[in-house]
Amino acid sequence: MGLFISIILFARVAFELSYDNFYKDADRLFLVNTAWVSDKGAGNSEPYVIYPTAATIAHHFPELVESQTTFSDFAPSVVMHGSRKHKGSFVIADSLYLQTMGLQLLQGNAQDLGTPEAVFLSQSFAREIFGSEDPRGKRLTYPLWGKDYSLTVKGIFADIPENTSLQRTAGIVSMGVMARAGNPRTFSWASGGNYRAFVRLKHKEDVSIINGKINSIIESKYFPKDHYGEMKISGIEVSLAPLLGSHLENANVARMIRIMILLGFALLLTATLNYVLISLSSLSQRAKAVGIHKCNGAGTASIFGMFLWETAFIIGISLLLITFIILNFSEKIEELTQTSLEGLFSLQNLWAPVSVVLFLFIIGGFLPGLMFSSIPVTQVFKRYTEGKKRWKYPLLFFQFGGAAFLVGIMCVVFTQYQYLLTKDLGYDMKHIAFTYHSFGNTENAVSNLRNLSYVEDAAASGMVMTESRSPQPVKDAGGNYLFSPRMNWFSKDFFSFIGLHLKDGHMPTAPGQTLVNDAFVKKMGWSSNGVGEVVPEHGTVSGVIEGYYFLDVAEMPPFEIKYEVDESETGCMHVRLKEPVEDNLQRLNTK
């Protein structure tokens, strides 16, 4: 069991360390980042850019840049084939996406992505939609910004592995679709930082040249200061950062890797020294047998090799049992590690499990082997006594220390787990399911859902209740930019549907009324509790919520909930299901 858990932990570490190395020449692929500059200085560098940024880099550094691409991952995640809906992650990209990212194209011509109605599908997603048929030339319908667009499948690319810091794209839609759906500013320097971009360099060492010159070029020739000045933005700082290794720069990922290494090593060392202790404890019983072997001509090397073979045999049996456990509990292992077995034990990650086995073999085999091979041949003629047993004390110390450490970690993890499960998020998400879909008449759809016998209640919002965006900045009375709060839109029934807790005021009852949280009130600098205050272009604060925690942050950022009656802004339907939830969810999806 010690070997089994250690293998799983270190395989997971190897998986984390292998992120993004499957892209072709991944060391030459660079992510374009942007930091927005205000009177308070440059903000954090984020992987979102103004649309022409990557093209500008390629234009001014043609001798350094091999290719570049710009795409949007704020894309609908559904596509229609006839009357059937298929869900998958999509990006809307320009014609150089496949070439720049270095994805393996199985069918089609990469340049066809420049065709206005083109879509490329991953191999598994194409098989899900079309089965064994050739998908090229087939038509699909893609909903974007309230309209349906017809797409033609132009090609198939290989499935993106799990170890990617980007999304595992199922479909790549031509940027021409967005051109038809958007406005003239969509692709200009006034488009805002809503896109992602990558640049593939001819030589990775040239990145410093681009980073040293590009900002002065953008500032002097391209950046529209008048447009962004309204939001108190005076400029941007653009930089290229290597994609390879970017995953490890995430503080949560780095912390998780350290914890897994610590746990894995503590468990492996405890298991290994436990084996050593058991082996050496049999010294007095096996000394005479070793002496007999030496009387029959066995040398020190032979005795040493005999115990190495014994260790290898025992480890071999353990590995057979481990294989049995992995095969029979694969679903639970994948659930706990959040990684498939193929990802954990891929060829490029096998070095980690092999290293664990070698560590156990070397320490567990060499120490007993050295001890037993040093027994003199004369021990066959007299009773062997171990004498002083002080050599056992360090092993016992590691045994008890390792066990105490592991139990302590388990207690901490259990306490954290209980805290997360019982923490009051400010809303009730029990038995709630959601979907993004335009039903035409939202109020009618809500009524029909409530009438289903296995649905307890239903309501609509702009986004799923655990997410938000920051599309509308807050300005003061003079029109000066203050901050961009997180925001969501709720229909009239949604406030009671999720059980919001009010601290002050009342729930919105009419358009133009909003709810805010304490962080919003503090950011505005109001001396009152905020109720009745008017936020320009946002509305009047009708109430302050007690708390509304998002799953991706520990502390509450400024948050605003707008009362919405426009059905185009409430395209996320939520239902609260009755027991049994799993069965009723399946019934609802079928219905």
Side-chain angles (χ1 to χ4, degrees), residues 18-26 28-29 54 58 66-144 148-181 195-200 243-244 340 342-343 346-348:
S18 70
Y19 261 64
D20 300 319
N21 63 5
F22 62 88
Y23 289 106
K24 180 184 177 182
D25 298 326
R28 296 195 289 116
L29 192 58
E66 181 178 300
S67 64
Q68 55 78 28
T69 186
T70 302
F71 63 97
S72 172
D73 53 8
F74 293 124
S77 58
V78 296
V79 68
M80 300 294 294
H81 180 226
S83 60
R84 296 184 62 187
K85 178 193 293 185
H86 298 271
K87 290 188 176 183
S89 296
F90 283 81
V91 296
I92 303 175
D94 61 22
S95 60
L96 295 176
Y97 183 84
L98 289 162
Q99 175 184 337
T100 303
M101 299 307 296
L103 298 179
Q104 182 184 1
L105 190 62
L106 303 178
Q107 298 179 36
N109 186 340
Q111 296 303 316
D112 286 342
L113 189 56
T115 306
E117 296 183 351
V119 61
F120 282 68
L121 303 177
S122 69
Q123 186 177 32
S124 60
F125 195 59
R127 192 178 296 119
E128 174 190 325
I129 299 175
F130 301 106
S132 59
E133 297 180 41
D134 185 353
R136 286 178 296 174
K138 298 290 196 302
R139 307 288 290 182
L140 297 172
T141 302
Y142 189 65
L144 180 65
D148 291 337
Y149 294 89
S150 179
L151 302 178
T152 302
V153 180
K154 292 290 186 177
I156 306 297
F157 60 92
D159 291 347
I160 296 176
E162 295 173 85
N163 55 335
T164 175
S165 54
L166 308 176
Q167 66 184 29
R168 296 186 69 190
T169 305
I172 307 167
V173 177
S174 170
M175 191 66 77
V177 174
M178 185 178 288
R180 293 165 57 195
Y195 298 90
R196 304 195 73 175
F198 280 88
V199 171
R200 179 175 290 276
L243 175 63
L244 204 61
S340 69
E342 290 81 1
S346 64
L347 289 177
Q348 64 177 349

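Treat the numbers as computed from the prediction; the structure is a model and nothing was measured. We use all heavy atoms of the structure for the numbers below, so side chains are in, but hydrogens, waters and symmetry mates are not.
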Using modelled atom types and a 3.5 Å cut-off, is there a donor and acceptor pairing between side-chain atoms of D159 and backbone atoms of Q123? yes
Let me have the donor-acceptor pairs involving side chains of residues 91-102, under 3.5 Å, with sequence neighbours excluded, atom names and distances please.
unit_1, atom_1, unit_2, atom_2, d
D94, OD1, T69, OG1, 2.7
D94, OD1, L96, N, 3.2
D94, OD2, T70, N, 2.9
T100, OG1, S67, OG, 3.0
T100, OG1, Q68, N, 3.4
T100, OG1, Q68, O, 3.3
T100, OG1, L96, O, 2.8

Contacts of Y19 that satisfy ring-ring contact (aromatic ring centres under 6.0 Å, His included) - sequence neighbours left out: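 Y19: ring-ring contact (aromatic ring centres under 6.0 Å, His included) contacts with F15, H247.
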Once ring-ring contact (aromatic ring centres under 6.0 Å, His included) is applied, do any residues pair with F157, and if so which ones, sequence neighbours excluded?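 F157: no ring-ring contact (aromatic ring centres under 6.0 Å, His included) contacts found.
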Quick one: [atom1] on [X] to [atom2] on [Y], what's the gap to the nearest 0.5 Å?
| X | Y | atom1 | atom2 | answer |
| --- | --- | --- | --- | --- |
| I156 | S124 | CD1 | OG | 10.0 Å |
| K138 | L151 | NZ | CG | 15.0 Å |
| L144 | M178 | CG | CE | 6.0 Å |
| R28 | F198 | CZ | CZ | 15.0 Å |
| L166 | S89 | CG | OG | 11.5 Å |

Quick one, [X] and [Y] - any side-chain contact, counting heavy atoms below 4.5 Å?
| X | Y | answer |
| --- | --- | --- |
| L244 | L29 | no |
| E162 | S340 | yes |
| N21 | Q348 | yes |
| V153 | P135 | yes |
| F90 | T169 | no |

Taking atom types as modelled, find out whether Y23 and T164 have a side-chain donor-acceptor pair closer than 3.5 angstrom. yes
Let me have the donor-acceptor pairs involving side chains of residues 71-87, under 3.5 Å, with sequence neighbours excluded, atom names and distances please.
unit_1, atom_1, unit_2, atom_2, d
S72, OG, F74, N, 3.3
K85, NZ, H437, ND1, 3.3
H86, ND1, E128, OE2, 3.3

Restricting to side-chain hydrogen bond (donor to acceptor under 3.5 Å, both in side chains), what partner residues turn up for Q107, sequence neighbours left out?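 Checked Q107 against side-chain hydrogen bond (donor to acceptor under 3.5 Å, both in side chains); matches are R136.
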Tell me every residue that passes side-chain hydrogen bond (donor to acceptor under 3.5 Å, both in side chains) with T141, counting only those two or more places apart in sequence or in another chain.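 Residues passing side-chain hydrogen bond (donor to acceptor under 3.5 Å, both in side chains) with T141: none at all.
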Do the side chains of E117 and R139 get close enough for a salt bridge, i.e. N-O under 4.0 angstrom?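 Here E117 pairs with R139 in a salt bridge, since their nearest N and O are under 4.0 Å apart.
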Search all heavy atoms of L243 against all heavy atoms of S165 and return the closest pair with its distance. CD1-OG, 3.5 Å
Return the minimal non-hydrogen interatomic distance between V199 and A54, and the atom names on each side.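 For V199 and A54, the tightest heavy-atom pair comes out as CG2-CB, 4.4 Å.
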Intermediate values then yes/no, side-chain contact (heavy atoms from CB on, under 4.5 Å), F120 and L113: CA-CA 7 Å; F120 282 68; L113 189 56; 3.8 Å; yes
Please determine whether side-chain contact (heavy atoms from CB on, under 4.5 Å) holds for the pair L140 and F130, giving the CA-CA distance in whole Å, both sets of side-chain angles, and the decisive distance to 0.1 Å. CA-CA 11 Å; L140 297 172; F130 301 106; 3.8 Å; yes
Let me see the working for D20 and N163 under side-chain contact (heavy atoms from CB on, under 4.5 Å), right down to the final yes or no. CA-CA 6 Å; D20 300 319; N163 55 335; over 6 Å; no
